[in-house]
Amino acid sequence: MTEKAARISKGSSGWGGPLVVKPEGEKKYVISVTGGGIDPVAQKIADITGAEAIDAFNNPVPKEETFAAVVNCGGTARSGVYPKMGIPTVNTVAITPAGPLAKFIKEEIFVSGVTVDCIEEVVQEGNLSKKVETENKEFETKEKDILSNPNVAAVVEETKNENIMLRIIDKVGKAAGSIVNIFYQAGRDTIDTLIKNILPFMAFVATLVGIINYSGLGNLLAHVFTPLAGNIIGLIVLSLICALPFLSPILGPAGVIAAVVGTLIGQQIAVGNVPMYLALPALFAIDAQVCCDFLPVALTLGEAKPETINSGTTAILISRVITGPMAVIIAYGFSFLLK
């Protein structure tokens, strides 16, 4: 008996893989957590394997029924959420392990930079897993037979009673070593996060500012954003635009929109075109869409039921249209302290 599976290789500048995925038992769905419907990559995996592709943003399914997840994460938490749950993850963005869950992103469960051209059909023998299971059972049976021998059992028991003092010393050493390792790992994770996330973002912002200054793009965009950023009404309008339910999941990934607009507004504040006291409400205005792309994943991490994820995502997206402008107004009230 043969079964169809999809072999997924990394794309240009991608990382990880290749992965071979197919439906198994209850795991019958390939989910697309990309916003904007089912990604073509997810659809091709479904077409090859005969499975069903689901837009998990609007119709979430339990992780127990998911055999592959397709994301478009630029290196934040979404890249590591599904690998952490043991779900093979296909990222359409070419990234290397990054973000707070980077330690769960392994080559055998994650592949990035994937396009539809990176996916091909492979045929697997359906009885391969049964063969492995049979061999494991035979091994366990032989092991039990050996241990049931009286002579072997006596030797094993004698060995257990030896070197009690060495065992105590060993346990004390392991306990002390585990404490040291905790602090050592914390320091290593801190340095790793600094190098992989904070420093690249600082370099990105510095490059962006340089391009804006050199090309004159700043002067051009300043005329567009200054009318909105220069008064409270404009900032409320900006927050409404960022919080629109059909835009916010698309504007959210990697926080690029907030970074670009924030840099522009920051420059305008620096040169005096925008009052300093509008910095706080401007921050809330450009961040109205933050995490809107991450809502289904966050609810999944909270082990919410699919119905809760579906309703909760919609409710939060709509609520952002209300809370976004409210946050700007509240920040504007506190900003008078900056005058």
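Source: prediction; values computed, not measured.
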Residues in side chain to side chain donor-acceptor pair (under 3.5 Å) contact with Glu120, at least two apart in sequence or another chain:
Arg7
Please answer: with hydrophobic residues joined when any side-chain heavy atoms are less than 4.5 Å apart, are Ile330 and Tyr277 in the same cluster?
yes
Minimum-distance pair of heavy atoms, taken over all atoms of Thr34 and Gly37:
OG1-O, 3.5 Å
If every non-hydrogen atom of Pro83 is compared with every non-hydrogen atom of Phe104, which pair is closest and at what distance?
CB-O, 3.4 Å
At their closest point, which heavy atom of Val328 faces which heavy atom of Ser239, and how far apart are they?
CG2-CB, 3.8 Å
Over all atoms of both residues, closest heavy-atom pair of Met85 and Lys63:
SD-CD, 3.6 Å
Same hydrophobic cluster for Leu235 and Leu283, using side-chain heavy-atom links shorter than 4.5 Å among ILVMFWY?
no
Decide whether Val71 and Ile38 are clustered together by the hydrophobic rule: side chain heavy atoms of Ile, Leu, Val, Met, Phe, Trp, Tyr closer than 4.5 Å, transitively.
no
What residues join Val90 in its hydrophobic cluster, counting side-chain heavy atom gaps under 4.5 Å, either direct or through other members?
Ile8, Leu19, Val21, Val30, Val41, Ile45, Ile48, Phe67, Val70, Val111, Val114, Val116, Ile119
For Val61, which residues count as a side-chain contact (heavy atoms from CB on, under 4.5 Å) partner, sequence neighbours excluded?
Tyr29, Ile31, Ile54, Thr66
Nearest heavy atoms of Ser13 and Ala94, plus distance in Å
O-CB, 3.5 Å
Spatial distance of atom CG (Leu238) from atom SG (Cys242) [nearest 0.5 Å]:
4.5 Å
Drop me the distance from Ile329's CD1 to Phe284's CZ, to the nearest 0.5 angstrom.
12.5 Å
Determine yes or no for a side-chain-to-main-chain donor-acceptor pair under 3.5 angstrom, with Ser112 supplying the side chain and Trp15 the backbone.
yes
Are Ser319 and Ile322 packed together at the side-chain level, in the sense that at least one heavy-atom pair is separated by less than 4.5 angstrom?
no
Holding to side-chain contact (heavy atoms from CB on, under 4.5 Å), I want the full list of residues that pass it with Lys106, two or more places apart in sequence or in another chain.
Glu108, Ile109
Output all residues satisfying side-chain contact (heavy atoms from CB on, under 4.5 Å) with Leu317, sequence neighbours left out; order by chain, then residue number.
Phe57, Pro245, Ser248, Pro249, Cys292, Leu295, Thr313
Report yes or no: do Met276 and Leu280 belong to one cluster of Ile/Leu/Val/Met/Phe/Trp/Tyr joined by side chain heavy-atom distances under 4.5 Å?
yes
About how many Å separate NZ of Lys103 and NZ of Lys84, when rounded to the nearest 0.5 Å?
7.5 Å
Cluster link Ile286 to Ile233, ILVMFWY, side chain under 4.5 Å
yes
Measure the CD1-CD distance between Ile87 and Glu65 for me, rounded to the nearest 0.5 Å.
11.0 Å
Of all pairs that satisfy side chain to side chain donor-acceptor pair (under 3.5 Å), the ones with a partner from residues 35-57, not counting sequence neighbours
Gln43-Asp47, Asp55-Asn58
Rounded to the nearest 0.5 Å, what's the gap from CZ on Arg320 to CD on Gln289? Could you check?
8.5 Å
Tell me the closest heavy-atom pair linking Ala42 and Ala53, and the distance in Å.
O-CB, 4.0 Å
